[in-house]
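Note sheet for the following structure.
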Amino acid sequence: MSIRSRLLAAAVLITMGTTLSGCGYNNIPTREEQAKASWAEVQNQYQRRADLIPNLVSTVQGYAKQEKDVLTSVVEARAKATQVKIDASQLTDPDKLKQFQDAQNQLSGALGRLLAVSENYPDLKSNQNFLALQSQLEGTENRIAVARRDYIENVRVFNTTLRTFPDVIWQTLVFHDKPLAEFTATSGSETPPQVKF
């Protein structure tokens, strides 16, 4: 291949690349990756909460031996929540996403009951380990809320991209992506577990 042919081929590739990126060709994969990254952060925050729970339960067990049913429900809810997993390739399945959400909501409810137990145990309320875990748990709930908000926004942007001009042309001709499932929180699940002293 002559130098002139190589230069011509390079010029064609550069022109095509510039044209494709300028007309929205990259929008669909870029926004899909943003939405998937947001979902990874949601899972990261749920995992952080699940990792904290064994420490929280151990701390409470030493003080609240009579509250076995509450502690048992937390342990069971955590086990169920960690079993229901959803990866980025399953985000187009609303049923799978709802199953994941339900398991996490059940865990949130169990944690709320566990923290309420502290009202009956003055020694527990003043225990430094419990206070530290409680603070971390509250921070985790806030991080989960932020991660879910970011996921919701990125899914909205991605799904809108699939349906709007000019990206709908690339969607029809090249990508054929399905819309991602939207996160729909059940009523009351947006509230972190209440802590009352």
Side-chain angles (χ1 to χ4, degrees), residues 35-156 180-197:
K36 288 180 177 177
S38 298
W39 179 251
E41 181 59 20
V42 170
Q43 289 187 306
N44 177 41
Q45 294 305 327
Y46 279 133
Q47 184 62 51
R48 184 177 189 273
R49 179 172 71 173
D51 292 344
L52 283 173
I53 288 171
N55 292 332
L56 182 59
V57 169
S58 295
T59 302
V60 175
Q61 274 178 330
Y63 291 88
K65 292 180 180 174
Q66 288 119 3
E67 299 294 341
K68 287 182 180 176
D69 58 331
V70 175
L71 297 172
T72 301
S73 70
V74 170
V75 171
E76 289 174 354
R78 179 194 178 271
K80 185 176 180 183
T82 55
Q83 287 175 351
V84 179
K85 297 187 183 291
I86 179 170
D87 62 37
S89 67
Q90 299 169 315
L91 289 177
T92 56
D93 185 352
D95 293 334
K96 187 79 176 173
L97 188 61
K98 183 177 184 321
Q99 185 183 11
F100 178 83
Q101 289 174 224
D102 289 345
Q104 294 299 331
N105 290 339
Q106 185 177 3
L107 179 55
S108 293
L111 284 174
R113 289 192 299 279
L114 174 62
L115 293 175
V117 163
S118 64
E119 291 180 6
N120 298 326
Y121 297 90
D123 290 343
L124 178 61
K125 284 192 288 190
S126 61
N127 180 274
Q128 291 302 312
N129 290 334
F130 180 76
L131 293 176
L133 285 167
Q134 182 187 40
S135 175
Q136 290 183 37
L137 198 56
E138 289 172 342
T140 299
E141 293 298 327
N142 289 334
R143 289 187 182 100
I144 289 171
V146 170
R148 285 191 305 219
R149 183 198 63 198
D150 291 346
Y151 173 73
I152 290 167
E153 175 60 16
N154 284 318
V155 166
R156 183 194 67 77
L180 296 179
E182 296 175 2
F183 188 97
T184 53
T186 56
S187 65
S189 65
E190 68 278 5
T191 305
Q194 284 195 343
V195 181
K196 297 177 182 176
F197 287 102

**Request:** Show your working on side-chain contact (heavy atoms from CB on, under 4.5 Å) between L111 and E141 and close with a plain yes or no.
**Result:** CA-CA 11 Å; L111 284 174; E141 293 298 327; 4.3 Å; yes
**Message:** With side-chain hydrogen bond (donor to acceptor under 3.5 Å, both in side chains) as the rule and sequence neighbours excluded, what pairs involving residues 74-85 come up?
**Reply:** K80-Q106
**Y151 side, atom OH; L97 side, atom CG - distance, nearest 0.5 Å** = 5.5 Å
**Request:** Kindly give the heavy-atom pair with the smallest separation between Q43 and D87, and that separation in Å.
**Result:** NE2-N, 4.5 Å
**Asked** Can you tell me how far CD of Q45 sits from CG of D150, rounded to the nearest 0.5 angstrom?
**Response** 10.5 Å
**Message:** The criterion is side chain to side chain donor-acceptor pair (under 3.5 Å); which residues satisfy it with D93, sequence neighbours excluded?
**Reply:** none
**Prompt:** Considering all heavy atoms of both residues, which atom of A35 and which atom of L180 are nearest to each other, and what is their separation?
**Reply:** CB-CD1, 3.4 Å
**Fill in**
Looking only at heavy atoms, the pair that brings L52 and Q136 closest together is CD2-OE1, 3.0 Å
**Heavy-atom side-chain proximity of L115 to L137 below 4.5 angstrom** = yes
**Message:** In the structure I gave you, are the side-chain heavy atoms of R148 and Y46 within less than 4.5 Å of one another anywhere?
**Reply:** yes
**Complete:** side chain to side chain donor-acceptor pair (under 3.5 Å) filter on N154, not counting sequence neighbours, yields S38
**Request:** Could you tell me whether a side-chain N or O of S135 sits under 3.5 Å from a main-chain N or O of L131, the two making a donor and an acceptor?
**Result:** no
**Request:** Ignoring hydrogens and angles, state whether a donor on the side chain of D51 or Q47 is under 3.5 Å from an acceptor on the partner side chain.
**Result:** yes
**Prompt:** Hey, does the side chain of N105 reach the backbone of Q101 with a donor-acceptor pair shorter than 3.5 angstrom?
**Reply:** yes
**Fill in**
d(R143 CZ, T140 OG1) to nearest 0.5 Å is 5.5 Å
**Item:** Contact summary for S73 and A110, nearest pair of heavy atoms
**Value:** O-CB, 3.9 Å
**Request:** Taking the side chain as every heavy atom from C-beta outward, state whether I144 and R49 have any pair of such atoms under 4.5 Å apart.
**Result:** yes
**Message:** Are the side chains of I86 and W39 in contact, using a 4.5 Å heavy-atom criterion?
**Reply:** yes
**Request:** Determine, step by step, whether Q134 and E138 satisfy the side chain to side chain donor-acceptor pair (under 3.5 Å) criterion, reporting the C-alpha distance in whole Å, the side-chain angles of both residues, the deciding distance to 0.1 Å, and the verdict.
**Result:** CA-CA 6 Å; Q134 182 187 40; E138 289 172 342; 4.5 Å; no
